[in-house]
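See structure below.
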Amino acid sequence: MTAGTQMVAVTSNAERQRSRMPRWYRRREASILSFSGLAAFVIIWQLAADLKGLDFTFFFASPSGIIEAAGKEVQLPRFWDDVATSAWELLAGSGVALGLGVPIGLAIGWYRRVGFMFDPWLNFFNALPRIALLPLLVLWLGLGTEMKIAAVSLGAFFSIVVPTAQGVKTVDRNLLDVGRSMDASQGRIFTSIVLPATVPYIISGIRIAIGRGLIGVVVAEFYAQTKGIGVIIVKSQQALNSDRMLFGIILFTISGILLSYATSLLERRFQKWRPGQDMEE
Amino acid sequence: MTSAPATQDLALSARGVRMEYLDRGTRERFVAIESLDLDIKQGEFVTIVGPSGCGKSTFVKLVNGLLSASQGEILVRSVAKGKSDAMVFQDSALFPWYKIIDNVSYGLVCAGVSKKQAHERAMPLIKLVGLGGFENKYPYQLSGGMQQRANLARALCVDPAILLMDEPFAALDAQTREVMQAELLRIWRGAEAEGGARKTVLFITHQIEEAVFLSDRVVVMSARPGRIMEDIRIDLPRPRDLHVKRTPEFQEYQEQIWQLIASQLKAAASQFGGSKE
Amino acid sequence: MTVAAPAMTSRGPERSRRRIKIPNERLFYAVLGFVGLLVVWEFASNFDLDPSTPGVQGLVKRILMSAPTLIWKAGVEDFSSGAIWPHITISLQEWFYGFIISCFLGISLGLSLGWFRRFRLATQPLVSALYSTPTIALFPLIVLIAGIGLESKVILVVLASIFAVIINTMVGVQSVSWKHLEIASSFGASQTQIVRSVVLPTTIPFILTGVRLAAGRSLVGVVVAEFQAANQGVGFYIALNGQTLNTARVFIGLVLLGGFGIFVGELVRLVENRFDAWRPSIHR
Ligand SMILES: Nc1ncnc2c1ncn2[C@@H]1O[C@H](COP(=O)(O)OP(=O)(O)OP(=O)(O)O)[C@@H](O)[C@H]1O
Ligand SMILES: [Mg+2]
């Protein structure tokens with residue numbers, strides 16, 4: 001029964017073709033591609049703006065235009081005033097969110113019944129774009145800095161509370177039993193077991209909160225139109241100066257990147273692991 | 001093709017196989033298998049043992065076509081129906097998102113068989129490996145031993161002439177493992193009784209006892225870069241049951257193989273400047 | 001010097017004898033927390049320190065805080081007169097278009113970014129910069145380009161939500177297991193079969209997470225756009241009533257937004273559960 005069949009050579013069905021690129025390229029492929037991708041984007045943008053002619057640059061700023069606008073802007077004392085205002089709003093707002101969010105999150109996570117009581121409200125506010133509360137904040141606090149700080153902290157607050165409570169709830173039961181078996185007091189168990197286990201969750205909350213806080217700054221400043229980087233953007237729009245407007249937007253981008261980098265440092269400092277990113281909302 | 005004396009009844013023939021891995025970053029070549037010759041007859045149960053990292057997994061992947069050799073040639077007998085070979089992977093190799101029946105019939109579906117027909121053909125195999133009634137469960141609902149049964153059924157389902165098994169029982173506890181060994185022999189004979197030709201098996205393990213118990217031949221590989229050191233015929237009567245492990249002949253085989261591997265381990269230890277002992 | 005022998009104490013769980021059992025604790029306390037706050041709110045805004053000037057000298061100023069009953073009354077008014085419907089439909093429209101575009105565009109971009117390594121590397125700086133930008137800051141620019149009609153709002157909604165989809169989808173593709181790919185190719189799966197049997201099953205849970213996040217962010221986009229440039233929509237309704245000290249109606253808008261957010265979130269979660277049959281359930 002075997003006579004008719006014959007032997008055939010095995011051929012790989014998953015042959016992976018490796019690139020024939022030179023060695024120096026392969027070693028730095030990631031950075032080379034990233035850099036050239038960005039460079040290509042900027043160059044094409046600049047060329048497109050140049051080709052379209054002057055009248056069109058009202059709408060499509062160009063890289064060189066943005067740099068020019070930035071050069072003018074940084075010489076103005078008003079600009080630094082705006083930057084300081086925005087920075088202060090973000091800082092103070094995040095501080096308030098952290099100062100309130102962490103204790104409340106801990107309480108909600110630790111006391112089961114408190115958690116149950118807060119549940120409907122947390123769900124509601126989590127599903128609600130918090131930024132929609134802005135008109136109320138204006139009613140209560142006026143158009144000044146307090147209102148904007150409140151807007152930032154409201155944006156960031158829930159992103160801190162929810163992961164913090166989550167972190168407390170998921171503390172390893174075995175660890176708690178170890179603590180209890182050693183007759184540690186509630187307070188001791190809390191500070192020695194619950195708090196350290198929750199820190200990574202708090203930090204991943206901070207990561208999300210930063211984004212929310214920034215949105216708070218932007219929208220509050222758009223809304224109040226008194227001071228801050230957001231006002232630079234709105235005023236530039238009214239003056240049809242899209243270069244300056246994009247400069248303002250890029251300032252927000254840079255702060256977003258810097259802050260998220262700072263959070264990564266925090267993360268590395270406190271924990272090697274990070275809970276899944278499904279925590280948001 | 002060099003016409004060796006008995007190519008007639010060979011299922012697999014490897015000649016001068018050399019395998020080099022290429023490091024992606026440094027482009028350095030890393031020799032995993034030096035030069036390997038191996039012939040396996042049809043219906044034979046052959047086990048490869050050898051120190052960790054000697055290239056056993058690499059070899060079965062070469063046979064399976066997941067990798068291609070840098071040098072040399074691997075020949076397998078072409079088959080009229082079914083596949084020439086199929087692989088039983090190590091633990092947790094089922095697709096967690098498929099029910100057992102879909103996992104088992106996966107190879108058939110890949111070969112273009114309709115889902116309905118594939119399910120029909122998978123059922124007898126699910127029963128053969130003792131999983132009747134579990135076909136609509138997801139892998140997480142099965143124990144480790146049951147998952148490996150499904151894994152085996154998936155390979156058997158494409159009706160391979162050669163069954164490639166890379167440490168299939170490594171993740172199981174000692175008792176389940178013994179049960180699975182006896183089961184494997186039962187299934188091996190059972191598949192034959194179903195009317196097909198006896199399957200050729202290429203099995204890989206670290207457990208010498210397992211190798212002796214299962215095999216017609218045990219092939220001992222040297223430490224990396226892998227070569228074949230010894231090819232030992234196991235002349236224990238079949239069908240075997242677990243009692244055979246208590247016989248003196250069995251223990252002699254075990255001792256012989258252990259000596260071979262121990263010499264390799266010592267060589268490796270001194271290679272790393274082992275001043276211990 | 002005699003030491004009193006310590007008393008033997010029971011070490012069983014103390015909880016059991018402290019309290020009568022409440023059948024569904026979770027629901028009980030949830031209702032308690034919900035109703036409790038409403039009652040306190042109502043009471044606080046009806047309690048006048050100086051009865052001659054109702055609503056001005058209370059625990060809270062009624063004109064600034066409103067009260068649950070006032071909100072209810074205003075709600076009944078606006079719904080029965082139909083005044084609120086145009087706002088709802090226009091917001092829904094903006095949300096829907098933006099969300100759908102975000103999902104389709106985001107999933108396809110995320111899949112290609114995850115699958116093609118070079119494409120991902122080349123676009124990485126741009127994508128992560130945009131991801132860190134509060135994209136709603138682009139609204140003034142969008143208005144310059146696309147005007148203040150439906151288009152500019154849909155664009156903002158897309159910008160606000162698409163990155164959640166892109167990034168999650170991309171991470172999903174990247175978490176495809178090498179081992180599963182190897183198994184598929186061992187059984188001779190074609191490219192399409194690999195995508196169908198390995199890549200998609202791994203990625204779908206990630207995609208759905210992205211979609212769920214995007215649903216919420218799209219709502220943010222709608223509100224911000226309507227705050228900035230609109231004469232209709234729930235966001236506009238909130239802003240207008242805030243400016244005219246019509247606090248009850250501000251709360252109506254908030255209830256609508258929150259209710260819609262919960263509804264959509266649960267909807268996506270239903271889909272998620274449907275795709276999660278193969279996972280051991282931890283939470284239930
Ligand atoms: N994809 C790869 N790229 C580079 N080197 C590899 C790769 N796979 C395996 N190797 C190397 O090749 C050698 C042989 O690996 P292989 O997996 O075949 O060993 P093994 O005999 O199966 O070992 P074990 O018994 O531990 O499973 C090892 O030294 C390993 O480091
Ligand atoms: Mg191996």
Side-chain angles (χ1 to χ4, degrees), chain A residues 13-14 29-30 33-38 40-41 58-60 112-113 115-121 123-129 131-136 138-140 211 214-215 217-219 222-223 230 233-234 236-237 240 242 245-246 248-250 252-253 256-257 259-260 277-278 280-281, chain C residues 25-26 28-34 36-37 64 118 121-126 128-130 132-134 136-141 143-145 168 171 182 185 188 209 212-213 216 219-220 222-224 227-228 235 238-239 241-243 245 247 250-251 253-254 257-262 264-265:
Chain A
N13 48 13
E29 188 177 40
L33 280 179
S34 299
F35 180 79
S36 34
L38 189 62
F41 174 77
F58 280 129
F59 304 106
F60 296 107
R112 221 161 40 101
R113 299 192 176 91
F116 292 160
M117 281 167 75
F118 271 90
D119 246 7
W121 292 110
N123 281 338
F124 177 78
F125 279 105
N126 237 338
L128 174 79
I131 216 64
L133 295 165
L134 206 63
L136 272 185
V138 173
L139 263 184
W140 296 340
L214 266 181
I215 291 177
V217 172
V218 174
V219 181
F222 279 5
Y223 203 85
I233 298 174
V234 180
S236 316
Q237 181 210 23
L240 294 184
S242 45
M245 179 161 45
L246 267 163
I249 292 166
I250 289 172
F252 280 125
T253 304
I257 292 173
L259 287 167
S260 109
Q277 52 167 235
D278 195 17
E280 197 171 353
E281 293 175 2
Chain C
E25 267 208 323
R26 180 172 213 121
F28 176 81
Y29 282 102
V31 172
L32 187 73
F34 184 73
L37 191 64
L64 296 185
R118 297 220 167 91
L121 288 174
T123 52
Q124 198 164 41
L126 212 59
S128 47
L130 277 168
S132 313
T133 309
I136 46 171
L138 292 165
F139 191 57
L141 184 68
V143 168
L144 274 190
I145 297 169
N168 274 286
V171 170
E182 200 170 59
S185 106
T209 303
R212 186 158 44 78
L213 296 180
L219 213 50
V220 175
V222 168
V223 171
V224 174
F227 277 0
Q228 291 295 304
I238 291 176
N241 285 307
Q243 278 151 20
L245 286 185
T247 318
V250 174
F251 280 105
L254 294 179
L257 289 174
F260 182 70
I262 291 177
V264 177

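Below, read A as the first sequence line, B as the second, and so on, with proteins coming before strands; counting in each chain starts at 1. These values consider heavy atoms only, across backbone and side chains, with no hydrogens, waters or symmetry-generated copies.
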Could you check whether any side-chain heavy atom of A/Pro135 comes within less than 4.5 Å of a side-chain heavy atom of C/Asn241, counting everything from C-beta outward? no

Using non-hydrogen atoms and a 4.5 Å limit, figure out which bit of C/Phe260 sits close to chain A: side chain, backbone, both or neither. neither

Are any non-hydrogen side-chain atoms of C/Arg26 and A/Asp119 less than 4.5 angstrom apart? yes

Counting heavy-atom pairs under 4.5 Å with chain C, the top scorer among A/Phe41, A/Phe124, A/Trp121, A/Phe252 is A/Trp121

Which value, rounded to the nearest 0.5 Å, describes the distance between C/Leu138 atom CG and A/Ile233 atom CD1? 8.0 Å

Residue C/Val223 versus chain A: region with a heavy atom under 4.5 Å: side chain

For the atom pair CZ (A/Phe116) and CG (C/Leu32), what is the distance rounded to the nearest 0.5 Å? 12.5 Å

Let's test your reading of the structure: which of C/Ala122, C/Gly261, C/Gly242 forms the most heavy-atom pairs below 4.5 Å with chain A? C/Ala122

What part of A/Phe118 gets closer than 4.5 Å to chain C, counting heavy atoms only: side chain, backbone, both or neither? neither

Honestly, the part of A/Leu133 sitting under 4.5 Å from a heavy atom of chain C is both

Who among A/Ala40, A/Ser34, A/Gly115, A/Gly256 has the most heavy-atom pairs with chain C under 4.5 Å? A/Ser34

Could you grab the distance from atom OG1 of C/Thr133 to atom CD1 of A/Ile249, nearest 0.5 Å is fine? 8.5 Å

For C/Glu182, which atoms come within 4.5 Å of any heavy atom of chain A: side chain, backbone, both, or neither? neither

